[in-house]
Amino acid sequence: MNKAEFITAAGLAISLLFHVIQTEVCPPSCNCKPLEEMKGLQIDCSSRKLKEVPALPINTKRLYLQNNSLTTVSPGAFDSLLSLEEIKISDNPWNCDCHILYLKLWMEDISESSLANIRCATPASVRMKPLKQLTGNELGICKRLLPIKSLEFFWRDLALIAAAIFTLILLGWALRSSKKLVCQIKLSQYASRRSLLRRRISKSYKLQ
């Protein structure tokens, strides 16, 4: 393998790794559609009677979760969706206690218009009130706002980062080895040419 072929192979490996990290399996309960012009996915999980948000591909551009049985969203569930541009999450029986604070704060940053359409189903004191209008006193105080499930996202991301670093180190080592091999081949060719040249000179002297 020459240097150009190695660089091409290394580039392909990095691209493949990036694709694996960026694209995950479509949730089995949802319908996924690639958006070619936007280089992302449209994830339609609406009207599936979902009781919790499924694991989502991080290249999700459009997410539809309306008309399900969602009551809350676990902290960190949407943190990896950095490319998200549209979300619909209304028409769910939201339980507006302190555990829904993550969703409220996240929606305030991502989509104010979608947050305005979220209404509480329980508890009775805030029934049918828009989540956007609720204050901290109405949401109450939780002793633990970060359930164990949120740690799953942390360990998953950490594992992906470790895999990426390991692959880059491996590629760097392979590139260095390739350079040494190319150098050795060139030195061998140079030594062979010098030896051949000496033989010709020696043969020329003998003929004289």
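Sequential numbering from 1 along the given sequence is applied to the chain's residues.
- Using modelled atom types, no side-chain atom of N59 and backbone atom of G40 make a donor-acceptor pair closer than 3.5 Å.
- Residues P28 and P54 have side chains not in contact (no heavy-atom distance under 4.5 Å, counting atoms from C-beta outward).
- A donor-acceptor contact shorter than 3.5 Å is absent between the side chain of D109 and the backbone of W106.
- Residues L50 and S29 form a side-chain contact, since some pair of their non-hydrogen atoms from C-beta on lies under 4.5 Å apart.
- Residue T60 holds its OG1 atom at 11.5 Å from CD of E85, rounded to the nearest 0.5 Å.
- Between the NZ atom in K104 and the OG1 atom in T135 there is a gap of 8.5 Å [rounded to 0.5 Å].
- With sequence neighbours left out, K33 forms a salt bridge (charged side-chain N to carboxylate O under 4.0 Å, His left out) with no residue at all.
- In this structure, the separation between OG on S83 and CG on L35 is 11.5 Å, given to the nearest 0.5 Å.
- Side-chain atoms of L103 and I100, non-hydrogen and from C-beta on, do get closer than 4.5 Å to each other.
- Judged by distance alone, the side chains of S47 and N67 do bring a donor and an acceptor atom under 3.5 Å apart.
- Looking only at distances, a side-chain donor or acceptor of R48 sits under 3.5 Å from a matching main-chain atom of S46.
- Between the CG atom in L63 and the CZ atom in F78 there is a gap of 6.0 Å [rounded to 0.5 Å].
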K132 and E112: salt bridge (charged side-chain N to carboxylate O under 4.0 Å, His left out), yes or no, with the steps?
CA-CA 8 Å; K132 182 179 180 180; E112 283 276 1; 3.3 Å; yes

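- If you take OG on S90 and CG on L131, they are separated by 12.5 Å, rounding to the nearest 0.5 Å.
- Formation of a donor-acceptor pair under 3.5 Å by the D44 side chain with backbone atoms of N31 is not found in this model.
- In this structure a side-chain-to-backbone donor-acceptor pair under 3.5 Å is missing from D91 to Q66.
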Only pairs under 3.5 Å count here: list side-chain donor-acceptor contacts from residues 119-130, not counting sequence neighbours, and write none if there are none.
{"from": "R119", "atom 1": "NH1", "to": "M128", "atom 2": "O", "distance (Å)": "2.8"}
{"from": "T122", "atom 1": "OG1", "to": "N95", "atom 2": "OD1", "distance (Å)": "2.8"}
{"from": "R127", "atom 1": "NH1", "to": "A121", "atom 2": "O", "distance (Å)": "3.2"}
{"from": "K129", "atom 1": "NZ", "to": "E138", "atom 2": "OE2", "distance (Å)": "3.3"}

side-chain contact (heavy atoms from CB on, under 4.5 Å) evaluation trace for N92 with S69
CA-CA 5 Å; N92 282 286; S69 300; 5.6 Å; no

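- For the pair R62 (side chain) and E86 (backbone), a donor-acceptor distance under 3.5 Å is absent.
- Within the 4.5 Å cutoff, side-chain heavy atoms of M107 are placed close to those of I118.
- Residue pairs meeting the disulfide bond (SG atoms under 2.5 Å apart) criterion with at least one member in residues 35-68, sequence neighbours excluded: C30-C45.
- In this structure, the separation between CH2 on W94 and CG on L70 is 4.5 Å, given to the nearest 0.5 Å.
- Between I87 and Y64, the closest side-chain pair of non-hydrogen atoms is not below 4.5 Å.
- Criterion: ILVMFWY side-chain heavy atoms under 4.5 Å apart, direct or through other members. Under it, L160 and L82 are not part of a common hydrophobic cluster.
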